[in-house]
Every structure is written in C-alpha cells, then in structure tokens.
Chemist: 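Quick one: the structure is below, and I'll ask about it shortly.
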Amino acid sequence: MTLTTGMKTLAATALTIVALPLMAHAAGEGPQIERQKWSFAGFFGRFDQNQLQRGFQVYKESCAQCHGLSRIDFRNLVQPGGPVFNEDAVKGLAATYEVQDGPNDDGKMFKRPARLSDKIPPPYANEKEARSIHNGAYPPDLSLIARARGLEYHGSVFAHPFHLLKDMVAGYQEGGADYLYALLTGYVEKPADFKMVDGMNYNRAFPGHQISMPPPLLDGAIKTDGKPTYQDGTPATVEQMARDVVAFLSWAGDPKHDERKRMGLLVMLYLLITAVLLYFAKKRIWKSAH
Amino acid sequence: MSQHESTYKPGSRLEHWMDERLPLMRMMHGQFVDFPTPRNLNYLWTFGGILTFCLVVQIVTGIVLAMHYIPHAEMAFDSVEKIRRDVNYGWLIRNVHAVGASMFFFAVYIHMARGLYYGSYKAPREVLWILGVLLFLLMMATGFLGYTLPWGQMSFWGVTVITNLFSSLDSIIPGLGTKIVQWLWGGYSVSTVTLNRFFSLHYLLPFVIVGVVALHIWALHVVGQNNPTGLDIKTANDSVPMAPHAVAKDIFGLGVFVILFAWFVFFANPLVTPPHIVPEWYFLPFYAILRAIPSKLGGVIAMFSAILILVFIPWLDTSRVRSARYRPIFKWCLWFFFFSVLALGYLGGKPAEGVYVAWAQFFTVYYFAFFLLIMPIVGVMETPSAMPRSIAESVLGGSGRPTGAAAAPAKH
C-alpha cells in the first residue's frame, strides 16, 4: 500500500537476488532487525565523508576479493557527495589495476593501467567463474546491494498500514543499510539444536540463518602502524567496520543522495511558501462569493 | 460544446481576424474562463486539474527519459542506472516519473471515489463516467508497461505473471491462451522483442490518454460539473465563473498536492525490495481479487469484471438522488466499500495463504455485492434525507442569496 513501492521495485530489480533468501523471505522467516542511526538518514541527512573513506578502505580490504562494485567508476570516488578522495591518490589507485583496451592499430587488444574514467574492475571474468571459485555460490555485485535489501515488518497486521504511513512521513529509506549492518555483525554462535548444511555459516540476520559467505569482517583486518585503527585514529572494531562499509555501500547505491536532499530542502521550502500564498489568493478571490 | 455562450470579446484587430476564422479563443474563454461552476465545490473537485497536471508531468519526464533509455534486455537496466548516476539531473527526472506514476494513481483513486460518493456517474453524466473508466484502464495498461521497462527481476516477473494470465483461456479453447501469450511475447519466451514492443506501447498509450482526456473534458463541459449536493445549477446564484474562482481553488489544491509529490520524489523513496513478488501498489486490490478465486480463469474473469463493472453502475444504481450525503443507508454501504478496496489492497500485498485468502474472498464478495445487490436494492428501498432546495441554499443558507452587497454575482 505504500506510494513508493514503484520506486522500490524499480530499483530493487537490480541484482541477482539469490533464490534462497527470496523464498525464505516469502515464507516470512526473516528475523527481526534493529534500526540503526545513520548520518544520511532523514530530512537533513548527509553522508559523512570520513566515514565513506573508511568504508571504501573496508570494502577494498575485506569485500573486493569476492564482490565487484561494477557501477562505480574510479572518478566517482573523487566527486562531491562521495568519499571525495584526493584525485592524485585515486589516479594512483586506479593505476594499480589493469584493464583491457583496444583494439590498437594492429588490431590487437591490449592491457593498460586503469584511469579515473574506468569502472572498478570486477573480481571475476563472469558469473560462471565466480561460482566455480565459490563452490557454486555467487557473491553478488555490491553497487546496488543497499537498495536491493530491506527490513521485514514483524508487528500485527492491523498496525502495518500505520507503520508504513509512519515510515513515509518520516522518510525512512535506510532499510537496506540496517539489514546489511545486522548481517555483517550477525555472525554469532549457532544455537545448539540448529542443523547446518556443510560449508554454510550461521548468521542471525540472514533469512534462514545459513549463509555461504564466511564472516567477512575480522578484528585486525585494518591496521595502522600495527594498531587496529584506521588512519584517522578510529578504532577498527567489527562494528565500526560494518558501519563504515554499509555507509559506503549506501552511497554506492545512491551517489546523488546528498544532492537530492539538498535540492529537496529548497524545493519543499519554495513549495510551502507558494502554497501559503496560493491559499491567501484563493481566500481573497472567494471573499465576494460567500 | 455546452449550451453556455462564451462572453468572449475580441480586443485587437488580430483577435477579430482570428475569431472570424478559428474561434479558438472564444471557445477557450467560454469553456475555461466564464464557464459556470457550482459554487459549492469542495477540494475533492480539484483532482481533475491535478490529474491533468500528472499526465503532463509524466509525458514531459517520459520523453526525456526515452532519450536515454535503451529498450534491450541486456542494456535496459544499465541504461536506467546510467540515468540515475550520470545523466544531468537524471536522478531527478527518473524519480519524478516513477513517483509520478504513483501520484497519478493516488489522484485517480480519489477522483473515482469522489465520483462514487457524489453520484457523478448518474444521468446525464454516464458517458463522462464511462470515458473515465476507459481512462483508468488505459492508465493501468500504461503503468504496467512502464513498470516492466527497467527489465530487472521485478519487471521480468511482472511480465511473466501478467501475460501468463491469458494462458488461462486454454481452459476454454485448448491452445488459444498459449497462442495469445506467444503473440504478446513476440516469441516463445519473454525476450528483447517483448521489451521493445512494451516500450513502443508505453510511449504510445499516453497520447491515446490525452485524446480520451479531451473527450472526457468535452463531455464534462456539455453536462456541467456535479457538486456535493448533486443538485443541478438552476439559477445564476448557484454558480461562480470558473476563472478566477474555480481556478484559484484548483491551483491551491494542486499546490498542496505538489508538496506531497515532492516529498516522495526527494525524501520518502525507500528503494527497497519487497520480500516477495508483488505488483505495484495501485494494482493490489485487483491482484487480491485475482488470487481470491480458486480457479485461474475465474480469477482472471473476476479481476477484469471488477473494473468493467464500473461501466454499468449508471444503470445499476436505482436511486434518483445523486449525492450519498442524502442517502443514509447507501452512504454506510459505500464507506464500507471504500474500506473493502483498501483492505483488498493490503491483502494483495500479502502472500496468498491461509487467513489472507479467506479475508480476500470476503472482501471480493462484498466488492461485487456492492454493485450488483446494494446499488439496485438500496436505491429502491431507501428514503433519502432532507435536501436543500438549491446549491446556493446549501452554501449560503436560508434564502440562498449571498450576504452583503459585494457578493452580488450579477457582475460576472
């Protein structure tokens, strides 16, 4: 019944959604997930540039081996509204990747270092290769993951419409981020009576609780001068890394987010003032008719 | 158009010259400036203008999107993402178009509910109403086609599920349904060919809508607007000229509507996957009816009947009183009908299992009973409550004359 299901589905269609969680969702087995506080939530929400920079580092250290980010070009890392890394640093980073180009004048394809205008190269040549490496599982591309996931409602049927309405009024859009954070921090000891399929991992946030992805964030994955902190001194705990990488992925799914909300504020202000003026104009015109 | 004469007076020589050759300005002036509108219209009557606005917004944003969209199975989704990420203000145009579709349906449902409540389908407005039902059908077709264009997972399932509805015809004539489905697909499976024709039709239908809207407005201006009392305009006192009165009200109504629109475009646009395959929210009541019937063919018939039955209500309703305001029994039946449609909408978004199906069946039965039983029977047995003698009396009280000298409507 939301007005925005259209938007949701349009965007959500994005990714290869693995059939298993989809079915588990359909059966209503998704566990309850707590909503988090995000700097980009709400009417005045903006991405925190430092957090996006940390998040990119986490992506690069802990996710990029298995998950692509195919809709992000290196240039996006420099643009306003994103992590806004130093342009030369990103040029240097891009140059560490090789991409195929060509054909050259001899009709041959060739390799060259990546440039700002190139996409971040994917970790696999194709889906088949990914599946053969990962025992049949396909690590999805993460460009739209924050928009392709959401929270399931767990309250009573009668309260549901009001719950939807409340979220519309509050402009809640962080369901994907909340889910991803719960997933990344959801690797806990499995209940003793829970039966696992071989090679799967227990996760309390994942629908059905069995996920092929091993815990991606480990203490000490990010170190600065031998200490488990980021370069800006923030302690790199699992929770912190999860928070940062989720913020980064939210940006990757919606790189125009800050621009949208900034413009939205002005548009709303303009429309509100206009509506008030229109109201008084109407009142004045109708004065003689009553 | 209507019997109403235009008071247009050409000013300049050019206007005179034009007026003798093509009296376009005379027509516009007569129909949209001094056209008499009932003086008691409430804000529910602003939705006609709002819907026209929605149509224009969809066409303008749609034309721009079509400049960047690629109707190919392998490239469609990427081109939509490119629009969001790389096209200048593409994110804005796409948001307006996608949210605009929802706002369009939101407005049309209010518009239709208004028509039901105040009896705008009754004589002499039957043709006006039927054209409206046709517009609703065209909107649904256009909305569905547009929803498939990003060609992601939801689009793909949407196409498969909806086109497959026709395969239920196999149970009447074996092979007929399958043939129709293949004909719709343009092949033996959903493919780029299917996407291409859907895109072509999605671009075509809005202009068909424009044409039918013109007829709808024409029919409206022949018979004149209904109003909350359901009474006809009898004296000059019952009406005010469209400009500036109705126009000022329409524009303020539109202004408020646009605020809501902008809220969804910029802020409340959650962009998350529904956990299971569901159609767009505006199809959900009909989707619930489809699934409430245990047989596939029966469900398809029920779903289409639920819309087509609207064509016949001018003759199903036996009451001569238009407005539900003066119909004590019908009024409550109608409110429960509105509730049923909302409930069906909610149930349509739930998995088709257990108690949800039972409730959907209950509300489906009421949906049809409302039109087929309540409308004819209540109309005969109900005693209408006291009505004002005129439109003017309903707003101005007692004498039906405006108070104060400034109020004399004669000067219009």
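Quick note on labels: first sequence line is chain A, next is B, and so on, each numbered from 1.
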Chemist: Inspect the surroundings of OH in B:Tyr43 and state if more than 12 heavy atoms from other residues, nucleotides or ligands are less than 6.0 Å away.
Modeler: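 Buried by this count: over 12 neighbours within 6.0 Å.
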Chemist: Given heavy-atom pairs under 4.5 angstrom as the criterion, report whether the side chain, backbone, both or neither of B:Phe105 touches chain A.
Modeler: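 Looking at B:Phe105, nothing touches chain A.
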Chemist: Minimum heavy-atom separation for A:Ala275 and B:Ile259, please, with both atom names.
Modeler: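 That closest heavy-atom pairing would be CB-CD1, 3.8 Å.
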Chemist: Is it the case that the side chain of B:Trp263 and the backbone of A:Gly171 share a donor-acceptor pair, with hydrogens and angles ignored and the cut-off at 3.5 Å?
Modeler: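 No; zero donor-acceptor contacts below 3.5 Å.
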Chemist: How many angstroms lie between CE in A:Met168 and CG in B:Leu260, if you round to the nearest 0.5 Å?
Modeler: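 Those atoms lie 9.5 Å apart.
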Chemist: Name the region of B:Ala243, side chain, backbone, both or neither, that has any atom closer than 4.5 Å to a heavy atom of chain A.
Modeler: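 The answer is neither part of B:Ala243.
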Chemist: What do the steps show when you test A:Trp286 against B:Val240 for side-chain contact (heavy atoms from CB on, under 4.5 Å), and what is the final call?
Modeler: CA-CA 10 Å; A:Trp286 278 81; B:Val240 288; 3.9 Å; yes
Chemist: Does any backbone or side-chain atom of A:Ala41 lie under 4.5 Å from a heavy atom of chain B? Answer side chain, backbone, both or neither.
Modeler: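 Looking at A:Ala41, nothing touches chain B.
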Chemist: Can you say whether B:Ala101 sits under 4.5 Å from chain A via the side chain, the backbone, both, or neither, judging by heavy atoms?
Modeler: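 Neither part, no heavy atoms under 4.5 Å.
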Chemist: Taking every heavy-atom pair that is under 4.5 Å apart, which of A:Leu265, A:Val169, A:Thr274 has the most such pairs with chain B?
Modeler: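 Among A:Leu265, A:Val169, A:Thr274, the one with the most close pairs to chain B is A:Val169.
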Chemist: Can you confirm whether more than 12 heavy atoms, excluding those of A:Asn126, are under 6.0 Å from its CG atom?
Modeler: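 Yes, enclosed.
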Chemist: Relative to chain B, which of A:Asp73, A:Asp167, A:Val267 shows the most heavy atom pairs under 4.5 Å?
Modeler: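 Result: the option with the highest number of such pairs is A:Val267.
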Chemist: With rounding to the nearest 0.5 angstrom, report the OG to CD distance, A:Ser70 to B:Glu81.
Modeler: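 If I round to the nearest 0.5 Å, the distance is 9.5 Å.
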Chemist: With side-chain contact (heavy atoms from CB on, under 4.5 Å) as the test, would you mind laying out the steps for A:Ile72 and B:Arg85 before giving the verdict?
Modeler: CA-CA 9 Å; A:Ile72 296 294; B:Arg85 288 163 193 267; 3.6 Å; yes
Chemist: Test side-chain contact (heavy atoms from CB on, under 4.5 Å) on A:Ile285 and B:Phe252 and set out the steps.
Modeler: CA-CA 12 Å; A:Ile285 286 168; B:Phe252 172 60; over 6 Å; no
Chemist: Between B:Trp91 and A:Asp254, is a side-chain contact (heavy atoms from CB on, under 4.5 Å) present by the stated rule, with each step listed?
Modeler: CA-CA 9 Å; B:Trp91 59 270; A:Asp254 192 8; over 6 Å; no
Chemist: A:Tyr279 versus B:Val256: any side-chain heavy-atom pair under 4.5 Å?
Modeler: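 No, too far: nothing below the 4.5 Å cut-off.
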Chemist: At a heavy-atom separation under 4.5 Å, does B:Leu92 approach chain A through its side chain, its backbone, both, or neither?
Modeler: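 Side chain only.
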Chemist: With rounding to the nearest 0.5 Å, note down the distance linking NZ in A:Lys282 to OG1 in B:Thr46.
Modeler: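 If I round to the nearest 0.5 Å, the distance is 11.0 Å.
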Chemist: What do you reckon, is CZ of A:Arg284 surrounded by more than 12 foreign heavy atoms closer than 6.0 Å?
Modeler: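 Not more than 12 within 6.0 Å, no.
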Chemist: Just how far is it from atom CH2 of B:Trp281 to atom CG of A:Leu164, taken to the nearest 0.5 Å?
Modeler: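 Going from the CH2 atom of B:Trp281 to the CG atom of A:Leu164 covers 12.5 Å.
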Chemist: Does any heavy atom of chain B fall under 4.5 Å from the side chain of A:Val276, the backbone, both, or neither of them?
Modeler: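 No part of A:Val276 comes within 4.5 Å of chain B.
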Chemist: Can you name the nearest heavy-atom pair linking B:Phe267 to A:Met268, along with the distance?
Modeler: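 Where B:Phe267 meets A:Met268 most closely, the heavy atoms are CE1-CG, 3.8 Å.
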Chemist: How about CZ on A:Phe43, more than 12 heavy atoms from neighbouring residues, nucleotides or ligands closer than 6.0 Å, or not?
Modeler: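 Buried by this count: over 12 neighbours within 6.0 Å.
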Chemist: Roughly how far apart are B:Phe266 CZ and A:Arg262 CZ, rounded to 0.5 Å?
Modeler: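 If we round to the nearest 0.5 Å, B:Phe266:CZ and A:Arg262:CZ are 13.0 Å apart.
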Chemist: So for atom NZ, which belongs to A:Lys119, do other residues, nucleotides or ligands contribute more than 12 heavy atoms lying within a distance under 6.0 Å?
Modeler: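 Buried by this count: over 12 neighbours within 6.0 Å.
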Chemist: With a 4.5 angstrom heavy-atom cut-off, is it the side chain or the backbone of B:Tyr356 that approaches chain A, or both, or neither?
Modeler: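 Side chain only.
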Chemist: Relative to chain B, which segment of A:Leu272 carries a heavy atom at a distance below 4.5 Å: side chain, backbone, both, or neither?
Modeler: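 Both the backbone and the side chain of A:Leu272 come within 4.5 Å of chain B.
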Chemist: Count the heavy-atom pairs under 4.5 Å between each of B:Asp78, B:Val247, B:Leu254, B:Leu149 and chain A, then report the option with the highest count.
Modeler: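 Ranked by contacts with chain A, first place is B:Asp78.
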Chemist: Which distance, rounded to the nearest 0.5 Å, do you find between the CZ of B:Arg84 and the CZ of A:Arg71?
Modeler: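 CZ of A:Arg71 is found 9.5 Å from CZ of B:Arg84.
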